[in-house]
Visitor: 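Below is the structure I would like to discuss, written out as structure tokens.
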Amino acid sequence: MSPRPAPRSRRTSLWGVVRVPLLAALAVGLVVSGCSRSEDEAQAEPAPSPSGFDVPDGVTLTDPGSRLDVGDEGTVVIDLGDGAASAVTVTVEKVRRGSIKDFRFFTLDEKSRDATPAYVDATVRNDGPAGLGGSSLPLLAHADDDVVYPASELVGRFRPCPSSALPERFLAGASADLCFIYLLPRGTALRTIDLQPGDAASAVRWRSKG
């Protein structure tokens, strides 16, 4: 009996794909940016919303710069442009330390094989009014080297952390359970999980216990 073929994956690289220095900016789904200032030095202003956006009744935006604990909710506005904007409430449910052995059926480059995986389980609710199907949630891993890392995307079935993609149909009132994969360079540790709808000062952060 011949062995079953291993699932194929998109080549995943820490430095070529998922590394985002705080002094640079990188588009990942929506907007991901970094800042040379520390979290505590970032000037937090009132919770932002796009011009002309009316926050839905019963929804309260979380102040930028807020520090939350795992299990707490954070609400921001995701602006897709062209008038498509919606409030979303995210709860980081759990932060798990993975093993690079979990990726034994995937193709990783040499540096990625030396990485430390982290898995973040989160729930997201679309508070409206726009649909967000097919978009990416700007949830980033902020490591203790002052670098933020967007989630890695793998093609193929991955049981330890199934999917970070929002459903293709994600209208107001819909909820989804997501899981985000982060490959952190060896020697670094996860400091916070950042929901960053705009620049670094807009981020809402969950303290990592992992």
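Quick note: numbers below take in every heavy atom, side chains included, and nothing from hydrogens, waters or symmetry partners. Quick caveat: nothing in here was measured; it's all calculated off a predicted structure.
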Visitor: Is any side-chain heavy atom of Leu61 closer than 4.5 Å to one of Val77?
Guide: yes
Visitor: Distance from Leu183 atom CG to Thr188 atom OG1, nearest 0.5 Å?
Guide: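 Between atom CG of Leu183 and atom OG1 of Thr188 there are 10.5 Å.
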Visitor: Between Asp102 and Ser99 (side chain of the first, backbone of the second, donor and acceptor by atom type, cut-off under 3.5 Å), is there such a pair?
Guide: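 Side chain of Asp102 to backbone of Ser99, a donor-acceptor pair under 3.5 Å: yes, one is there.
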Visitor: Is there a side-chain contact (heavy atoms from CB on, under 4.5 Å) between Val90 and Leu137 once you walk through the steps?
Guide: CA-CA 9 Å; Val90 176; Leu137 193 69; 3.9 Å; yes
Visitor: Centroid-to-centroid, Tyr182 to Tyr119, below 6.0 Å?
Guide: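 Aromatic pair excluded; centres sit 6.0 Å or further apart.
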Visitor: Say whether, by atom type as modelled, one donor and one acceptor occur between the side chain of Asp109 and the main chain of Ser112 under 3.5 angstrom.
Guide: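 Yes.
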Visitor: Go through Ser135 and Leu80 one step at a time and tell me if the side-chain contact (heavy atoms from CB on, under 4.5 Å) criterion holds.
Guide: CA-CA 8 Å; Ser135 60; Leu80 301 182; 4.0 Å; yes
Visitor: Grab the two heavy atoms, one from Arg205 and one from Thr192, that are nearest each other, plus how far apart they are.
Guide: CD-OG1, 3.9 Å
Visitor: Do the side chain of Thr62 and the main chain of Thr75 share a donor and acceptor less than 3.5 angstrom apart?
Guide: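 Judged by distance alone, yes, a pair lies under 3.5 Å.
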Visitor: Quick check for you: to the nearest 0.5 Å, what is the distance between Cys179 atom SG and Arg159 atom CZ?
Guide: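 It is 14.5 Å, given to the nearest 0.5 Å.
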Visitor: To the nearest 0.5 Å, how far apart are CG in Asp72 and OG1 in Thr91?
Guide: 8.0 Å
Visitor: Check for a donor-acceptor pair, side chain of Asn126 on one end and backbone N or O of Ala130 on the other, with a separation under 3.5 Å.
Guide: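 Indeed, once roles are kept as given, a pair shorter than 3.5 Å links the two residues.
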Visitor: Looking at every non-hydrogen atom in both residues, tell me the closest pair between Ala85 and Phe53 and how far apart they are.
Guide: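 Closest pair (atom of Ala85, atom of Phe53, distance): O-CE1, 3.5 Å.
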Visitor: Going by the rule side chain to side chain contact (heavy atoms under 4.5 Å, CB included), which residues pair with Val70 if we only count those two or more places apart in sequence or in a different chain?
Guide: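 Partners of Val70 by the side chain to side chain contact (heavy atoms under 4.5 Å, CB included) criterion, ordered by chain and then number, come out as Val92, Val95.
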Visitor: Can you tell me how far the NE2 atom of His142 sits from the CD atom of Gln196, to the nearest 0.5 Å?
Guide: 9.0 Å
Visitor: If you define the side chain from C-beta out and look only at heavy atoms, does anything of Ser175 sit under 4.5 Å from Thr123?
Guide: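 No; the side chains remain at least 4.5 Å from each other.
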Visitor: Return a table of donor-acceptor pairs under 3.5 angstrom between the side chains of residues 162-172 and protein atoms on other chains or two or more places apart.
Guide:
residue	atom	partner	partner atom	Å
Ser163	OG	Ala165	N	3.1

Visitor: Could you walk me through whether Cys161 and Ile181 pass side-chain contact (heavy atoms from CB on, under 4.5 Å), step by step?
Guide: CA-CA 7 Å; Cys161 193; Ile181 303 167; 3.7 Å; yes
Visitor: Can you tell me how far the CZ atom of Arg191 sits from the CG atom of Leu184, to the nearest 0.5 Å?
Guide: 12.0 Å
Visitor: Could you list all the salt bridge (charged side-chain N to carboxylate O under 4.0 Å, His left out) pairs where at least one residue sits in residues 116-129, not counting sequence neighbours?
Guide: Glu73-Arg125, Arg96-Asp121, Arg125-Asp127
Visitor: Please identify which of these residues, Leu140, Leu178, Ile193, meets the side-chain contact (heavy atoms from CB on, under 4.5 Å) condition with Val120.
Guide: Ile193
Visitor: Has Asp69 got more than 12 heavy atoms of other residues, nucleotides or ligands less than 6.0 Å from its CG?
Guide: yes
Visitor: Quick one: closest heavy-atom pair of Pro197 and Ile78, and the distance?
Guide: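 So the minimum-distance heavy-atom pair works out to CB-CD1, 4.3 Å.
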Visitor: Let me confirm one number: the CZ-OG distance from Phe103 to Ser152, rounded to the nearest 0.5 Å.
Guide: 7.0 Å
Visitor: Counting only N and O atoms by type, is there a donor-acceptor contact under 3.5 Å from the side chain of Trp206 to the main-chain atoms of Asp194?
Guide: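 No.
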Visitor: Are Phe105 and Phe158 close enough that their ring centers fall under 6.0 Å?
Guide: no
Visitor: Of all heavy-atom pairs between Asp79 and Ala84, which one has the smallest distance, and what is that distance?
Guide: OD1-O, 3.4 Å
Visitor: Is any side-chain heavy atom of Asp144 closer than 4.5 Å to a side-chain heavy atom of Leu190?
Guide: no
Visitor: Test side-chain contact (heavy atoms from CB on, under 4.5 Å) on Val76 and Val204; report intermediate values, then the result.
Guide: CA-CA 8 Å; Val76 301; Val204 173; 3.9 Å; yes
